[in-house]
Amino acid sequence: MKLVMAIIKPFKLDEVREALVGLGLEGMTVTEVKGYGRQKGHKEIYRGAEYTVNFVPKVKIEVVVASDRVDATVAAIANAARTGQIGDGKIFVGDITHTLRIRTGETDANAL
Amino acid sequence: MKLVMAIIKPFKLDEVREALVGLGLEGMTVTEVKGYGRQKGHKEIYRGAEYTVNFVPKVKIEVVVASDRVDATVAAIANAARTGQIGDGKIFVGDITHTLRIRTGETDANAL
Amino acid sequence: MKLVMAIIKPFKLDEVREALVGLGLEGMTVTEVKGYGRQKGHKEIYRGAEYTVNFVPKVKIEVVVASDRVDATVAAIANAARTGQIGDGKIFVGDITHTLRIRTGETDANAL
Amino acid sequence: MKRRLSNVEPLLTAGLAAAALLALMVVPALAADAPPVPNKGDTAWMLVATALVLMMSIPGLALFYGGLVRTKNMLSVLTQVFMIVSMVGIVWVTYGYSIALGDNAGPYPGLIGSFGKVFLRGVTPSSLFPTFTPGVYLPELVYMVFQMTFAMITPALIIGAFAERMKFSAVVVFMLAWVTFIYLPIAHWVWATPTPDDIVKAAAELAAATGDAAKKAAQAKLDGIMDGSGWLWHLGALDFAGGTVVHINAGIAGLVGALMIGKRVGFGKEALAPHSLTMTMIGAALLWVGWFGFNAGSNLEANGVTALAFVNTMVATCAAALSWLFCEWGFKGKPSLLGMASGAVAGLVAVTPASGFAGPMGAVVLGLLVSPLCLFFVSNVKRLFGYDDALDVFGVHCIGGIFGAIMTGILVAPYLGGTGITDYTAKDLVGAYDMGTQVVIQCKAVLSTLLWSGIGSAILYKLVDLIIGLRVTTDAEREGLDVIDHGERAYNF
Amino acid sequence: MKRRLSNVEPLLTAGLAAAALLALMVVPALAADAPPVPNKGDTAWMLVATALVLMMSIPGLALFYGGLVRTKNMLSVLTQVFMIVSMVGIVWVTYGYSIALGDNAGPYPGLIGSFGKVFLRGVTPSSLFPTFTPGVYLPELVYMVFQMTFAMITPALIIGAFAERMKFSAVVVFMLAWVTFIYLPIAHWVWATPTPDDIVKAAAELAAATGDAAKKAAQAKLDGIMDGSGWLWHLGALDFAGGTVVHINAGIAGLVGALMIGKRVGFGKEALAPHSLTMTMIGAALLWVGWFGFNAGSNLEANGVTALAFVNTMVATCAAALSWLFCEWGFKGKPSLLGMASGAVAGLVAVTPASGFAGPMGAVVLGLLVSPLCLFFVSNVKRLFGYDDALDVFGVHCIGGIFGAIMTGILVAPYLGGTGITDYTAKDLVGAYDMGTQVVIQCKAVLSTLLWSGIGSAILYKLVDLIIGLRVTTDAEREGLDVIDHGERAYNF
Amino acid sequence: MKRRLSNVEPLLTAGLAAAALLALMVVPALAADAPPVPNKGDTAWMLVATALVLMMSIPGLALFYGGLVRTKNMLSVLTQVFMIVSMVGIVWVTYGYSIALGDNAGPYPGLIGSFGKVFLRGVTPSSLFPTFTPGVYLPELVYMVFQMTFAMITPALIIGAFAERMKFSAVVVFMLAWVTFIYLPIAHWVWATPTPDDIVKAAAELAAATGDAAKKAAQAKLDGIMDGSGWLWHLGALDFAGGTVVHINAGIAGLVGALMIGKRVGFGKEALAPHSLTMTMIGAALLWVGWFGFNAGSNLEANGVTALAFVNTMVATCAAALSWLFCEWGFKGKPSLLGMASGAVAGLVAVTPASGFAGPMGAVVLGLLVSPLCLFFVSNVKRLFGYDDALDVFGVHCIGGIFGAIMTGILVAPYLGGTGITDYTAKDLVGAYDMGTQVVIQCKAVLSTLLWSGIGSAILYKLVDLIIGLRVTTDAEREGLDVIDHGERAYNF
Ligand SMILES: Nc1ncnc2c1ncn2[C@@H]1O[C@H](COP(=O)(O)OP(=O)(O)O)[C@@H](O)[C@H]1O
Ligand SMILES: Nc1ncnc2c1ncn2[C@@H]1O[C@H](COP(=O)(O)OP(=O)(O)O)[C@@H](O)[C@H]1O
Ligand SMILES: Nc1ncnc2c1ncn2[C@@H]1O[C@H](COP(=O)(O)OP(=O)(O)O)[C@@H](O)[C@H]1O
């Protein structure tokens, strides 16, 4: 199994979720994160003091899939999340060696 | 070493923490996340507008353990987190190749 | 490629970011997390009721780097994040098998 | 003259002859020509009422609206309301008061005031202003600043319609123009009234006049006094505290704005849920508390009619809040806080024109009815036509205001527990109330407001759009107005 | 008649003979039979006081409570308070006012009013209501709406006890019943008082009566007047602004509710920390500010006694806030904001019955003592018995109220700086104060309230439980009442 | 005597002879020796004003400040403000009032009061206190509690300067000492005034005196009365509502504190962004609303001058808010909410001393000018010198206060629309106004305040530092004062 971890623009979350559901993936986990990259932050001034906010709000989607579905998953996310503008984000893929569904005790592919 | 990553129901956090501590694990990292899965969200209506909230609040626990303790760890989490109802969550296990304790510079098993 | 995941003290975030940028790393993703470890939390009392807050606020930095840059990356983070006091945090390294830049479709090393 | 004249009511029922007597008895000031002394109780009440109306705008309205937008636009709402309040304060003392209410000496006294009191010329701590009771006066500065707060809140109401997408610079320019060209005239039409003492005196002279010539002269004098007042008031429109001037006016300007600026990015697709209903609740509660100043303060005195306006404001709001809650519970499945708060505001809006005229039970009925009507507009009608009146300025303020204005013509009826209308000239007596006529007058007032404000606002939006543009870019809208327009974020938790 | 009669105090010391004089001198209205005219300063003050008491409930109490619950239940608290306020407003004008305070003409005038003023029948802008000073009247609408706000806040206080677990529908039904069957009678017992003018006049006639028959007749008349009042008041219970009617009453109803509904899921195991002490602080501060309307408004006039009640409200609260802060610092290790805010509320509760009777130094002592007592209850006693009075309605309002009620009987003593008690009939003179008797009377008032409200509430809870059920399911409780009951979330940051 | 004496102004222009007449006519109380009766309108207004000033501190100032600190220090700000308010309330009734304003019978009446009214000895509900109009009195308890709220807010202002790093215990001790040794004397210097009636009477006797000896005696009597007043007031310093006593005083104490305690950890390196500008906006709005009580309440009556102070408070604030907004827009690129709110507060500060003296247009000018000045201080000057006045107590309150105090000397000029100065002794007449002299007097008042408060505060900080230490450890500062000092967190979302 593989962990597909995508960092995307927050307002793209719903489209990406729909794309994954369309693929038959029934589970995913989402985290609000802050990203640093080519897309730059903004300046804020509070009375005298000026602050540069280096991080921009992003959303991280983690979805564990069977290894053979990785490519489709990555493609679906990329298509749904793309705006073509700087800051669209990244997709990283890593390995998962075990999976367990807590409720039932099912493991691995059955647990996804 | 292995990274055990568990997505659980928020109100189970304390029980899971105690179970892990009971196992002699002295460190873990917790993130508030939103999960999508079989457990469905709810509807919200604000004046005329109706929104379906697809995600439910979950907690993600990440704990890195020596490889030989993975099974015990997974079992402990699963036992503590189980309610038997939809949405109890998942446990995923992946590999960790290096570990470092920042304070002391200790590495790998010593750093856990 | 490797995923370097560091759990650090929140007020060290800017120094660590600068250290990574100094190394030529142009992207990273940051999450606010709660940590449990040797550093203990505090007590809160609300009227009669006493609560022990077991978790302390931490920041998790995730940065994916080419495998040959792992050591430099880990060292840079460790140096910038160290205060020498309990709770300085951990650095974990895992494998990443694929990477994709959503905007351009570039993959792997080119996508970092 | 259609404002209730409570203190002299019993006398007035005796008709014109009584009026002569009255001039000598009830208003000794006139007889003796000694300057009237403001009652300190009235002054105290009106100062408090003024502070309460300011509190309605900031923080009240700002929070009510602010809680309903997304986090990234919170500060833009707060800043816009705060800016409008401040700008209108300066407009008011420089030329607004004079043009709207301070001076009926211009060439078209029915339509607009004139520049006689620009920069508050001649308004000193000892200047007096008449209340609605003959012989009772307030320090003019009190009246001036009380009315200022009405001019502040009205444009601030509008911003809810085009929230989350209009440029801050455009808001500044538009609002300056809007207050000047839309608000000031309408306020004049409805609220520029003659001094009751003058009417009473003239009516007494008319009554005392013998011989045709004398009668004609006296009548002409009385007519002259009446013609010096705003045309809607002269027509007999009843608007105790500003249903037309404030709510219908702002509501229609909001709708026009929402239509001309267009929908928010993501409207109808993404969830645009309120970022903090807690703030919205605080805002609604402070609006309610402050509205006592608005409605009961509009009596300009602290007496039994003030108490009536106060009570009506209380019970209409209770009724409307409950009514929205239960309608929503019945029709949409769940009783929500936002619904309850919206109902409270709808009730406050509806009772505004009626507050000093309806009886408490009439106010309860008004409240019970206004909520389902507004609920229907903010959900069904809005969905049907697909306009993005972001915070329902039209659905609540315009619709609630129209309903309240028309119902005022009904609920004022003595046989429905209303106060009836007493004429200072004692020609129309209590009881001789013609509901049909009054409702027609009310509709005229509503229509004139809709037309002037609707068309006028459209022209102003268009002009501002041509000159500086109304709307931010899509990217800016996504990022949020707080960072884009103001360089700040509301929260750093 | 145990309410202080400040203006005529010096005269009264001359005894019964003076009373005759008084009726002619101080109350010329009675002599001349001219209708009394309300003082506009009084009217202004009472209108403001009313607005302040509304502000205590919303947003004050709603935020104070709301901040203490978890995020997921925030809106349920806000909605419950808002709903109660609105519902009671309608109850009050339809039948509540008549039954509680508007009408002493029923068959059991000591126990309950009657339906003479349902739907505010006969209450017009020119109706008057007596204050506590002979010859001084308020517009009745002002009195009516001022008292309405007391009826609004009392049931709202209760919800803190069973917060985070009671069904919204159950709250609606329970509160409607509770106000009707518990609040209205108790308010009548304590606050349904005769017109001072009537007493003064009757006392004067008694003094002037010669011959046994005449004396008897006069005495009977006086007795009749007194018997027309609420029995607790007649008994001589001192409760300036509602220690029994509001705080003990709500506090015991809360405890009974907490016991009958049971503990929250996770109580004692999970952390149930307040979600926003910022909101709690705002609430506490607005409660304090609004409480001036509550306590000083209860004098119904704007005079020196009003000032005394105002000052006592200020200093008792200061003292209690400090006292809780330092007790907590000493006994629990850290001085907390929540402690300080709780102390302030405890002080406000305790000074409520005493506010117009104690001297300022007495109020300070009262404040210093009430905090450790309440702190002991909300921490130790609550832990000992293990009931889940979620927001400490019992520990703060009931205990603080009982303490304040009893201490009122002590602090009113002239030799402790209190005002003493002057009888309108001039039979008890200032100085002839019997502390023992008074404290016993105070205890009787406390006990009757505890019994009626405690038992009555238990019955009502049980009935509601049988009919629609009091509590949500465990799953719903875990999810939070906001989403379950209201379909909304408080925050979307 | 430099306070405006509005009601008798026309008479006074007739000079000394008129004063004799006046004593008999306008102040019949004095002639007939009947006790004056407070006007209920005045009493109502002043009670409301008092509640408004409390609302300025809590929740107003607490939120304004609290929103500007980081989440982890929110409760520390709220608790400090709440604690100061409570502590000063007790200080005031035990000895503060007596020492500052209650008693001019001590050995140095120009410098300090005495212990005659400790524990409010002799202050009963029937005690009266003179207003600024001869013959007009308030219940002394009202005056006492109104002034109490000024003593509460002044030290609370200071905490903004050393926010986020001072130990709670140190704040408690420092503030107790500061109020006692710095605030009470300065309040006395400026606000301990003689009874106008006494002056008028003495002036009349002087005018009536014939023969050198009689004249001398009469003059001595008049001088004696004047010498019994605070020295700054006697000097002729104009400070309508507390520019010196409150704002300059607190502002300089804050700067000294910020310097002595040192910068926050991370100052200049880490982002120390406000955690909730929403709270700051609520605070600013409530400060504005409450400030009407502060400024217009300072007239002690509800009349035309009260209205003037009210209007000036309104328009100066509007002008200053706009002015800051546009200056920031022009010079820093974006118009911010924080800027607008800061401008509003700067305007409120600046108009405080001038509120009853300037004309409305003068107040507008004052507001327009104060904002760029304060903006320059909080950004450029602060950066230049590198002190960490965390919430800009010096830059806004001290600088704004100084500017307002000096401008008061200018704007009071009748030819600039000001009210001019009328002397109760009728020696200086309206119009005979010498701006140069007055500005010099104003500067003296400013300087004395800066010196006494600056040096005095430095000594007190040092003492507290030696005894218990001023500052928390670096680790504690990183963790946040909420958890460290109070064992709580502000939010648990
Ligand atoms: N090497 C990396 N490791 C982890 N996260 C990264 C890395 N590079 C980029 N990111 C994440 O991807 C987001 C988008 O990257 P950015 O460089 O701004 O735009 P783009 O992906 O369009 O080139 C960043 O905000 C960050 O959260
Ligand atoms: N394939 C997946 N990848 C990542 N997270 C998942 C995946 N499937 C489920 N989850 C997480 O587990 C949670 C529980 O899953 P759900 O299907 O609702 O219930 P259950 O685990 O009882 O079958 C989800 O809310 C989501 O956060
Ligand atoms: N085994 C682990 N797995 C995941 N996170 C860990 C683990 N051990 C520690 N951490 C994280 O590292 C943080 C610091 O650890 P702690 O033991 O407090 O101090 P130190 O790193 O100085 O020994 C913890 O708060 C937790 O977030």
Side-chain angles (χ1 to χ4, degrees), chain D residues 38-45 47-48 50-52 54-55 57-60 62-63 66 74-76 78-79 82-83 85-90 92-94 119-120 123-128 138-142 144-145 148-149 168 276 279 282 302 482 485-493, chain F residues 6 9 39-46 48 52 70-71 271 273-278 281-282 284-286 288-290 292-293 296 301-308 310-311 314-315 317-322 325 332-338 340-341 343-344 359-361 364 417 419 491 493:
Chain D
N39 182 295
K40 284 175 154 184
D42 288 340
T43 302
W45 165 243
L47 290 177
V48 177
T50 305
L52 285 174
L54 179 66
M55 191 175 76
S57 302
I58 52 166
L63 293 179
M74 175 61 169
L75 296 183
S76 79
L78 301 183
T79 314
F82 210 111
M83 179 277 296
V85 163
S86 301
M87 188 169 70
V88 174
I90 302 301
W92 195 251
V93 290
T94 48
F119 300 108
L120 296 187
V123 182
T124 73
S126 43
S127 310
L128 298 183
L138 271 182
E140 183 172 4
L141 283 171
V142 175
M144 187 278 297
V145 74
M148 178 196 287
T149 56
F168 185 68
S276 173
M279 288 300 149
I282 301 178
D482 291 4
D485 266 350
H486 307 291
E488 299 165 303
R489 270 172 313 135
Y491 308 99
N492 291 287
F493 283 123
Chain F
S6 48
E9 189 180 300
N39 182 296
K40 284 175 154 184
D42 289 341
T43 302
W45 165 243
M46 291 307 296
V48 177
L52 286 173
R70 286 162 293 169
T71 309
H275 91 280
S276 174
L277 287 180
T278 299
M281 186 273 176
I282 301 178
L286 293 182
W288 191 347
V289 172
F292 293 119
E301 288 179 81
N303 60 19
V305 176
T306 317
L308 178 67
F310 195 106
V311 168
M314 186 68 104
V315 296
T317 310
C318 290
L322 281 186
L325 188 86
K332 313 253 160 182
K334 293 197 172 163
S336 75
L337 173 66
L338 177 55
M340 184 145 219
M361 289 306 127
V364 169
T419 60
Y491 308 99
F493 283 123

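Throughout, protein chains are lettered first and strands after them, A, B, ... in sequence-line order, and every chain is numbered starting at 1.
In terms of heavy-atom pairs under 4.5 Å with chain F, the best-connected choice from L47(D), I282(D), L75(D) is L47(D). In terms of heavy-atom pairs under 4.5 Å with chain D, the best-connected choice from L277(F), V315(F), L52(F), T306(F) is L277(F). With chain D as the partner, the residue from L286(F), L308(F), L322(F) showing the most heavy-atom pairs under 4.5 Å is L322(F). Among G89(D), A62(D), A51(D), the residue with the largest count of heavy-atom pairs under 4.5 Å with chain F is A51(D). Per-residue heavy-atom pair counts under 4.5 Å with chain D were compared for G359(F), P274(F), G290(F), and the maximum is reached by P274(F). Ranked by heavy-atom pairs shorter than 4.5 Å toward chain F, the options V93(D), L128(D), V85(D), V142(D) are led by V93(D). Interface check for chain D: of the options T317(F), D42(F), V364(F), the most heavy-atom pairs under 4.5 Å are formed by D42(F). Chain D forms more heavy-atom pairs under 4.5 Å with one residue of L337(F), V311(F), L338(F), T71(F) than with any other, namely L337(F).
Of the inter-residue distances, the one linking E140(D) atom CD with M144(D) atom CE reads 8.0 Å to the nearest 0.5 angstrom. The OG atom of S126(D) sits 9.0 Å away from the CG atom of L141(D) when rounded to the nearest 0.5 Å. Atoms CG and CE, on L120(D) and M361(F) in that order, are 4.5 Å from each other to the nearest 0.5 Å.
Heavy atoms of P139(D) lying under 4.5 Å from chain F belong exclusively to its side chain. Interface remark: T149(D) contributes side-chain atoms only to the contact with chain F (heavy atom separation under 4.5 Å). Interface remark: P335(F) contributes backbone and side-chain atoms alike to the contact with chain D (heavy atom separation under 4.5 Å). Interface residue M314(F): only side-chain heavy atoms are found under 4.5 Å from chain D. Contact of A302(D) with chain F is not made at all, since no heavy-atom distance falls under 4.5 Å. With a 4.5 Å cut-off on non-hydrogen atoms, L78(D) touches chain F through its backbone and its side chain both. Contacts between A344(F) and chain D at a heavy-atom distance below 4.5 Å involve the side chain alone, from C-beta outward. For L325(F), the part sitting under 4.5 Å from any heavy atom of chain D is the side chain, from C-beta outward, and nothing else. Of the atoms belonging to D485(D), it is backbone heavy atoms, and not side-chain ones, that fall under 4.5 Å from chain F.
Considering only heavy atoms from C-beta on, T79(D) stays 4.5 Å or farther from M281(F) through its side chain. In this structure the side chain of T94(D) reaches within 4.5 angstrom of the side chain of I90(D), judged on heavy atoms. The closest side-chain heavy-atom distance from H275(F) to Y491(D) is not below 4.5 Å. Contact annotation: the side chain of K40(D) never approaches that of W45(F) to less than 4.5 Å [non-hydrogen atoms, C-beta and beyond]. A heavy-atom distance below 4.5 Å is not found between the side chains of T43(D) and E301(F). Considering only heavy atoms from C-beta on, C318(F) comes within 4.5 Å of W288(F) through its side chain. With contacts defined as side-chain heavy-atom distances shorter than 4.5 Å, the pair T50(D)/F292(F) does not qualify.
Side-chain N or O atoms of D482(D) include one that pairs as donor or acceptor with a backbone N or O of M74(D) at under 3.5 Å.
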